Amino acid sequence: MPLSIYNSYTRKKETFEPLTPGHVGMYVCGPTVSGESHLGHARPYIGFDVVYRYLTYKKFKVRYVRNITDAGHFEEEGREAEDKVGKKAQLEKLEPMELVQKYTNLFHWAMKQFNCIEPSIEPTATGHIVEQINMIEEIINQGYAYVQNGSVYFDVKKYAATHDYGKLSGRVIDELINAESREVTTRTLEGQEEKRDTADFALWKSAPAEHLMRWRSPWGEGFPGWHIECSAMATKYLGASFDIHGGGMDLQFPHHESEIAQSTICNHVAPVKYWMHNNMITINGRKMGKSYNNVIKLTELFSGNHPLLTQAFHPMTVRFFILQSHYRSPLDFSSEALTSSEKAFKRLWEAYEILKQINVAQNTQAKDVELEEKVKNWLGEMEVFMDDDFSSPKVLANMFEMAPIINSIKDQLIPINALSSDTLLLMKERFAVFLEDIFGLQGADGTDNNQLKSVMQLLIDIRKEAKAKKDFATSDKIRIQLNEMGIVLKDEKDGNTSWGLT
RNA sequence: GGUCCUUUGGCCGAGUGGCUAGGCAAAGCUCUGCAAAAGCUUCUACAGCGGUUCGAAUCCGCUAGGGACCUCCA
């Protein structure tokens, strides 16, 4: 089955064919480590983690590059026109690199919580100033950039005359060039008068005296523009042309559009074959973002310490929540929706745990041919759905179809020989591969502690003895007190008792 | 002002021409010392209006609501 990917550039689903057979180069825009990551940031990192995992499952050798933006994008046309990292460092009385380190560590911690696989290369912007300067020089040599008061700007008008600037983001170039319509925003933009045209963007920015982060360049001391780092690092590690570039939809313009322009001029070839963009996480229908003042930081999410949260949420709940919707659909956050995901995930994971325990006989035929066919169909569809632009929600839906069957086999409501041994084995294999390897999910509770297991078995045995003697006061005491500690006991049909954390 | 997207049952969320998505919640039943869990069953929606079609949630048009981008943004 071939994999098809929705390409934002062509706005179509396309069959995925890597530039080099068997190998995939993938670049994903990483975090700006000038602050804490929030729930919105989790979506691309989890989403592309699944893409990475799935490509690996499909036997591709993937080089996955995700940058760390630690130089801080200066606010190109912002009111303060100040380096974000430098600015906050002064407020917090920290060295800029100290701040960068702090938030990089925090980001890595969050990724670990989400069980995201580390990228193959995680380059930093500050570590690639030379590459960025070289690239800018090349663009100047090609005649597509100009120097103005120690800053360098990309000449969009000239580029657009022969290239498709605006195609990725659906911009109309005439509206960007000499954009009178911008006056609608009535914003006075600093540095604007330096540019030849409003559509031009900075490749290098001259640093004012108070700017902490600064590097020497052929044009004086300054810092790199917002878009150039991705172009420079992607080119260095993935080549002039690579397969997949991912990021949030909100980066299409101007970031990715400008990346295309820079790289195309420098390398004389379109940089990316498949552009992938994830949709936003919204909160009450509105994009989660700093400017809307509606962010929920990951640390707040995991601790429940936020007015919009009724409880803390496990990272795996969040991961599952994100996987339950398609990456190109907007996903609306609410505490209620997450609680619902938490329960759903728990149920699915418990079914998976049960499935793992089922002993499968050798070479048996299916007694229930109809059920056998249904299950085989659900199992077969899972890869088909993932091949269709990573439709994780549909895969999960199929798994939920099978959860009652697994539970029924355990409770002997469905005899184990209803399904053939081959299908049972396939089911075990598919669940393990999809849940763990591809979706990167893990059990969300801490029950895999051997000492705890032993203690629990002891309590269960004592309770069983009490029940046998109809000493329900004792048996209920054990159950109730454990419940207060967050441990739930479940009496089963066969007289056994299982337990889990609430 | 421009460009584009979106509107699905109590809630979340799949779904681009015909077949039950799924989850959560709710109700009933089964099992059970009780409870929980589990299983079974019920709730069958597609903003409004018009059009195309044998047939539309799905295509087209209009209307209304919501949103994104055009500025840092995942």
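The figures here come from the full heavy-atom set of this structure, side chains too, leaving out hydrogens, waters and symmetry mates. Worth saying up front: this structure is predicted, and the values here are computed from it rather than measured. Proteins get letters first, then strands, A, B, ... in listed order; numbering begins at 1 in each.
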Just to be sure I understand the rule, does [X] reach a base, reach only the sugar-phosphate, or reach nothing, if contact means heavy atoms closer than 4.0 Å?
X: A:A397; value: base
X: A:R286; value: sugar-phosphate
X: A:G289; value: nothing
X: A:E401; value: sugar-phosphate
X: A:M399; value: nothing
X: A:D411; value: sugar-phosphate

So the salt bridge (charged side-chain N to carboxylate O under 4.0 Å, His left out) pairs with at least one residue in residues 386-407 of chain A (sequence neighbours excluded) are A:K13-A:D388, A:K58-A:D387, A:R328-A:D389

Quote, to the nearest angstrom, the [atom1] distance that separates [N] from [M].
N: B:C11; M: B:G18; atom1: C1'; answer: 29 Å
N: B:G13; M: B:G17; atom1: P; answer: 23 Å
N: B:A21; M: B:A45; atom1: P; answer: 10 Å
N: B:C62; M: B:G2; atom1: P; answer: 15 Å
N: B:G15; M: B:A56; atom1: C1'; answer: 13 Å
N: B:U42; M: B:G9; atom1: C1'; answer: 14 Å
N: B:G23; M: B:U41; atom1: P; answer: 12 Å

Looking only at atom types and distance, does a side-chain atom of [X] sit under 3.5 Å from a main-chain N or O of [Y], one as donor and one as acceptor?
X: A:R463; Y: A:T474; value: no
X: A:N279; Y: A:M249; value: no
X: A:D368; Y: A:L371; value: yes
X: A:R319; Y: A:F439; value: yes

ring-ring contact (aromatic ring centres under 6.0 Å, His included) partners of residues 318-338 of chain A, not counting sequence neighbours, each pair once: A:F320-A:F345

Do A:F302 and A:W109 make the cut of ring centroids closer than 6.0 angstrom?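 Yes: the rings meet the under 6.0 Å criterion.
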
Over how many whole Å does the gap from [X] atom [atom1] to [N] atom [atom2] extend?
X: A:H277; N: B:C4; atom1: NE2; atom2: C1'; value: 14 Å
X: A:M249; N: B:C4; atom1: CE; atom2: C1'; value: 9 Å
X: A:D471; N: B:C34; atom1: CG; atom2: C1'; value: 14 Å
X: A:E381; N: B:G22; atom1: CD; atom2: C1'; value: 13 Å
X: A:H227; N: B:U71; atom1: NE2; atom2: P; value: 10 Å
X: A:K290; N: B:A68; atom1: NZ; atom2: P; value: 18 Å
X: A:K477; N: B:A36; atom1: NZ; atom2: P; value: 23 Å
X: A:L413; N: B:U32; atom1: CG; atom2: C1'; value: 13 Å

Nearest of [options] to any side-chain atom of [X]?
X: A:F253; options: B:C69, B:A36, B:A38; result: B:C69
X: A:D476; options: B:C69, B:A38, B:G33; result: B:G33
X: A:V172; options: B:U3, B:A74, B:G33; result: B:U3

Face-to-face contact A:Y45 to B:A74 six-ring, under 5.5 Å, under 30°: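 No, the aromatic ring of A:Y45 does not stack with the base.
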
Would a 4.5 Å heavy-atom cut-off, applied to side chains only, mark [X] and [Y] as touching?
X: A:P224; Y: A:L203; result: no
X: A:Y165; Y: A:R171; result: no
X: A:L168; Y: A:S8; result: yes
X: A:L331; Y: A:Q324; result: no

Using every non-hydrogen atom in the two residues, find where A:E300 and A:L309 come nearest and quote the distance to one decimal.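 Nearest pair, atom of A:E300 first, then A:L309: O-CD1, 3.4 Å.
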
Give each stem of RNA chain B as a range with a range, requiring at least 3 consecutive Watson-Crick or G-U wobble pairs whose two distances are under 3.5 Å. B:1-7 with B:64-70, B:10-12 with B:22-24, B:26-30 with B:38-42, B:47-51 with B:59-63

Confirm from the modelled atom types if [X] and [N] form a donor-acceptor pair under 3.5 Å, side chain to base only.
X: A:R479; N: B:A35; answer: yes
X: A:N398; N: B:A21; answer: no
X: A:D250; N: B:C70; answer: no

cation_pi(A:R214, A:F223) dist<6.0 Å, angle<=45: no

Is there a ring-ring contact (aromatic ring centres under 6.0 Å, His included) between A:F201 and A:H227? Walk through the geometry before answering. CA-CA 9 Å; A:F201 57 88; A:H227 319 300; 5.1 Å; yes

Pull out every protein N or O sitting under 3.5 Å from an N or O of nucleotides 40-43 of chain B, one pair per line with the distance.
none

Using a cutoff of under 3.5 Å, can you pull out all pairs of nitrogen or oxygen atoms linking the protein to nucleotides 6-14 of chain B, with atom names and distances?
{"residue": "B:G13", "atom": "OP1", "partner": "A:D332", "partner atom": "N", "Å": "2.8"}
{"residue": "B:A14", "atom": "OP1", "partner": "A:H326", "partner atom": "N", "Å": "2.8"}
{"residue": "B:A14", "atom": "OP1", "partner": "A:S329", "partner atom": "OG", "Å": "3.1"}

Sole residue of A:Y64, A:F114, A:Y52, A:F107 in ring-ring contact (aromatic ring centres under 6.0 Å, His included) with A:Y45: A:F107

Counting just side-chain N and O atoms, does [X] come under 4.0 Å of either OP1 or OP2 of [N]?
X: A:N278; N: B:A74; value: no
X: A:Y292; N: B:A68; value: yes
X: A:K287; N: B:C69; value: yes
X: A:R347; N: B:G23; value: yes

Review item, nucleotides 25-31 of chain B N/O atoms under 3.5 Å of protein N/O:
{"residue": "B:A25", "atom": "OP1", "partner": "A:K343", "partner atom": "NZ", "Å": "3.3"}

With RNA chain B as reference, determine whether A:F400 or A:K467 sits nearer its 5' end, using the nearest nucleotide of each. A:F400

Specify the residue among A:T339 and A:G170 whose closest nucleotide of RNA chain B lies further upstream toward the 5′ end.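 Nearest nucleotide further toward 5': that of A:G170.
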
Residues, nucleotides or ligands: over 12 heavy atoms within 6.0 Å of A:Q412 CD: no

Quick one: sort the A:H41 and A:H38 rings into parallel, tilted or perpendicular, breaks at 30° and 60°. tilted

